[in-house]
> 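I have a structure I would like to understand better, so I am pasting it below and will then ask my questions one at a time.
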Protein chains: 2
Amino acid sequence: MALELLRSVPLFAGLEEEVLAEVAAWARPRHLGREEVLFRAGDPFRGFFVVCSGHIQLSRLASTGQEKVVELIGPKETFAEAVLFLDQPSYPVEARGLAPTELLELPAEPFNRLLDERPHLTRNLLGTVSRRVHRLVQDVAALTLQDATGRVVGYLLARADQAGQEGGRVSLPVKKAAVASRLGVQPETFSRVLARLREAGAIEVERERIRLRDPDRLAQFLP
Amino acid sequence: MALELLRSVPLFAGLEEEVLAEVAAWARPRHLGREEVLFRAGDPFRGFFVVCSGHIQLSRLASTGQEKVVELIGPKETFAEAVLFLDQPSYPVEARGLAPTELLELPAEPFNRLLDERPHLTRNLLGTVSRRVHRLVQDVAALTLQDATGRVVGYLLARADQAGQEGGRVSLPVKKAAVASRLGVQPETFSRVLARLREAGAIEVERERIRLRDPDRLAQFLP
DNA sequence: CGCAGCCTTGAAAGCTATCAATACTAGTGG
DNA sequence: CCACTAGTATTGATAGCTTTCAAGGCTGCG
């Protein structure tokens, strides 16, 4: 049920039940198949989204055909909220499903009105967008201050923290090429880095499951 | 005068005079010398800032001593607004003056209260932070999809648009090494790229002033 | 069983960083 | 007014990392 899910989304944390219900009433369920495009860069803004299950890839395309994955979005995460407030509301990236994915679409207009009535929601939204700024700044720094190995190690350690899985088990959310692009690396390089970490005894790789067998040794690969 | 300046800051655009006056009353003037540090990464958040004159460099330091300039802030621009809304309010970057700089510091607390009373201000703030997200996404994409030449050309063209100086005159806001770092390039590479563009007849360089003599030819250097 | 997609591995090329030296500028003090 | 100096920018040569191109291996599905 939509309401159930919304409650666990940080953006809606701490909201009164009635507000939550109102949001849920507006939310439009959407399904997205594997490799299916939700919107393209430049499309006019209609609303933003909450992921219920599955994974979304936000990417930017170069004129050469290359693409860079800007972000990978998983369950209970929102995306495109910041587009609401741009002067020219059009999506700056492309969104595509990486697997069969269930979404909720939150249309711009009713949400916009709700913001004016509910300061708490607005405050949450500012927090969400601000965290995104923070993460992007980290990404920019990582892309210039760290080499490929450093970025991969940083990603693994961050994911181990966040997932909180004991024993340092990390599982890549999507196919490796997408993670590689997210980290600003070619798939081949990503594979080679993992191989080197494995040979060094820092990790064990089995399919998309990675065990951080020696986090300290792993951390030594950071610049 | 502070009030005069605030009026021209996008963040405060369209606000009632009384609100503007209130903000101005709280604003604390600060002076920053060349290379003087305003705050370091990790310092507890006290407030955010408006640049009156001069230039600020926001940078992130690696453990190796290297630094990456995340953003260059000029007159009438604000920075660190997004830090207000992080769960753990501490500055994620270092701010340093690149020249003698006049600032206004807007302390967190009174501002926070004002936000709850003034939806318009909150809306502006969301717009400002969202634009920052947008720019950062562009930066991330540029760092991975374009080579050094592409990023320099992109920067020159963007600055020519924004400055709106006729005849395509661009002047670098600060010393070249800072601009280079902002673009994710070493100073030597930046110098070489400019030299190549000059030899190709696309630009003329004189000190920190650059003339875009042939924007079309310049654009051909983009990937 | 065979095919398609994904991942891995190898070799070579390209771009950028790094190290080093020189030119240049601006600000300082004689 | 000129010489000096420190900071800044340019240029050259080399090394290193990553990308690119190519081929082989693995897996899951029809």
Side-chain angles (χ1 to χ4, degrees), chain A residues 33-35 55 57 62 64-69 96-100 142-153 171-199 203-210 221-223, chain B residues 33-36 55 57 62 64-69 96-100 142-153 155 171-199 203-210 221-223:
Chain A
R34 178 189 177 73
E35 294 301 316
H55 283 279
Q57 151 182 321
T64 61
Q66 268 198 318
E67 82 174 345
K68 153 72 180 173
V69 174
R96 197 188 315 161
L98 285 178
L143 282 170
T144 49
L145 292 175
Q146 295 181 170
D147 59 12
T149 305
R151 296 201 293 276
V152 171
V153 169
S171 80
L172 303 179
V174 295
K175 65 180 177 224
K176 292 189 177 173
V179 175
S181 175
R182 166 73 237 282
L183 296 174
V185 164
Q186 293 303 114
E188 295 93 330
T189 303
F190 185 59
S191 183
R192 276 186 258 264
V193 169
L194 287 182
R196 233 181 305 130
L197 294 176
R198 179 165 41 76
E199 287 160 16
I203 64 174
E204 283 172 18
V205 182
E206 179 198 354
R207 234 339 152 276
E208 83 281 353
R209 312 189 66 76
I210 299 178
F221 283 92
L222 292 171
Chain B
R34 177 188 179 73
E35 293 302 312
E36 190 179 348
H55 282 277
Q57 150 182 321
T64 61
Q66 269 198 318
E67 84 173 346
K68 153 72 180 174
V69 175
R96 197 189 314 162
L98 285 177
L143 283 170
T144 49
L145 292 174
Q146 295 183 169
D147 59 12
T149 306
R151 296 201 294 276
V152 171
V153 169
Y155 178 80
S171 81
L172 302 180
V174 295
K175 65 181 175 221
K176 290 187 179 175
V179 175
S181 175
R182 165 74 235 283
L183 296 174
V185 163
Q186 294 302 115
E188 294 93 329
T189 302
F190 186 60
S191 183
R192 275 186 258 265
V193 169
L194 287 182
R196 232 179 308 130
L197 294 176
R198 180 165 41 74
E199 288 161 14
I203 64 175
E204 283 172 18
V205 182
E206 180 197 356
R207 242 331 157 276
E208 82 284 351
R209 312 190 65 78
I210 299 177
F221 283 93
L222 292 171

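Because only heavy atoms are used, hydrogens play no part in the values below, and waters and symmetry mates are left out as well, while side chains stay in. The chains referred to below are lettered A, B, ... by the order of the sequence lines, with proteins before strands, and numbering in each begins at 1.
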> To the nearest 0.5 Å, what is the distance between NZ on Lys68(A) and CG on Leu143(A)?
5.5 Å
> Rounded off to whole Å, could you give me the CD-to-P distance for the Glu188(A) and dT9(C) pair?
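The distance from CD of Glu188(A) to P of dT9(C) comes to 12 Å, rounded to the nearest Å.
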> Please report the closest heavy-atom contact between Gln57(B) and Glu67(B), naming both atoms and the distance.
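What the structure gives for the nearest pair is NE2-OE2, 3.2 Å.
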> Kindly compute the distance separating CD1 (Ile210(A)) from CD1 (Ile203(A)), expressed to the nearest 0.5 Å.
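Rounded to the nearest 0.5 Å, the CD1-CD1 separation comes to 5.5 Å.
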> Thinking salt bridges, do Lys176(B) and Glu208(B) make one under a 4.0 Å N-O criterion?
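Between Glu208(B) and Lys176(B) there is no salt bridge, as every charged N stays at least 4.0 Å from the carboxylate O atoms.
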> On DNA chain D, does the nearest nucleotide to Gly184(A) precede the nearest nucleotide to Val205(B) from the 5' side, or the other way round? Give the residue.
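The residue closer to the strand's 5' end, by nearest nucleotide, is Val205(B).
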> Five pairs at each end of the helix from dC1(C)-dG30(D) to dG30(C)-dC1(D): take the axis at both ends and give me the angle between them to 10°.
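Axis angle across the helix from dC1(C)-dG30(D) to dG30(C)-dC1(D), nearest 10°: 30°.
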> For Leu183(B) and dA17(C), give me the distance from atom CG to atom P, rounded to whole Å.
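Roughly 11 Å, once rounded to whole Å.
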> CZ of Phe190(B) versus P of dA17(C): gap in Å, rounded?
13 Å
> Do you know the tightest heavy-atom contact between Arg209(A) and Ser171(A)?
NH1-CB, 4.1 Å
> When the distance from CD of Glu208(B) to P of dT25(C) is rounded to whole Å, what number comes out?
12 Å
> Would you classify Glu35(B) as touching base, sugar-phosphate or nothing, given that sugar-phosphate means primed atoms plus P, OP1 and OP2, and contacts are heavy atoms under 4.0 Å?
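Since no nucleic acid heavy atom lies under 4.0 Å of Glu35(B), the category is nothing.
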> In whole Å, I'd like the distance from the CD atom of Gln186(B) to the P atom of dC19(C).
10 Å
> Would you kindly give the CZ-to-C1' distance between Arg192(B) and dG14(C), to the nearest whole Å?
15 Å
> If I take atom CG in residue Leu194(B) and atom P in nucleotide dC24(C), what distance separates them, rounded to the nearest angstrom?
17 Å
> Restricting to non-hydrogen atoms, name the atom on Lys175(A) and the atom on Glu35(A) that form the minimum distance, rounded to 0.1 Å.
NZ-OE2, 3.3 Å
> Please tabulate, one pair per line, all N/O donor-acceptor pairs under 3.5 Å involving side-chain atoms of residues 178-186 of chain B, not counting sequence neighbours.
| from | atom 1 | to | atom 2 | distance (Å) |
| --- | --- | --- | --- | --- |
| Ser181(B) | OG | Val69(B) | N | 2.7 |
| Arg182(B) | NE | Val70(B) | O | 3.4 |
| Arg182(B) | NH2 | Asp139(B) | OD1 | 2.8 |
| Arg182(B) | NH2 | Asp139(B) | OD2 | 2.5 |

> Would you compute the distance between atom CG of Leu145(A) and atom CZ of Arg151(A) and round it to the nearest 0.5 angstrom?
10.5 Å
> Contact boundaries of DNA chain D with chain A (under 4.0 Å, heavy atoms), 5' to 3'?
dT18(D) to dG28(D)
> Applying a 4.0 Å non-hydrogen cut-off, can you work out what Arg196(A) is touching in the nucleic acid: base, sugar-phosphate, or nothing?
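Counting heavy atoms under 4.0 Å across all strands, no contact is made by Arg196(A).
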> May I have the distance from Lys175(B) (atom NZ) to dA26(C) (atom C1'), rounded to whole angstrom?
14 Å
> Hey, is the side chain of Ser191(A) poking within less than 4.0 Å of OP1 or OP2 on dC7(C), counting only N and O atoms?
no
> What is the nucleic acid contact for Arg151(B), judged by heavy atoms within less than 4.0 Å: base, sugar-phosphate only, or nothing?
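Nothing, no heavy atom under 4.0 Å.
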> Which atom names give the shortest non-hydrogen contact between Leu98(A) and Arg34(A), and what distance separates them?
O-NH1, 3.6 Å
> Across the strands shown, which category fits Arg207(A) at heavy-atom distances under 4.0 angstrom: base, sugar-phosphate, nothing?
sugar-phosphate
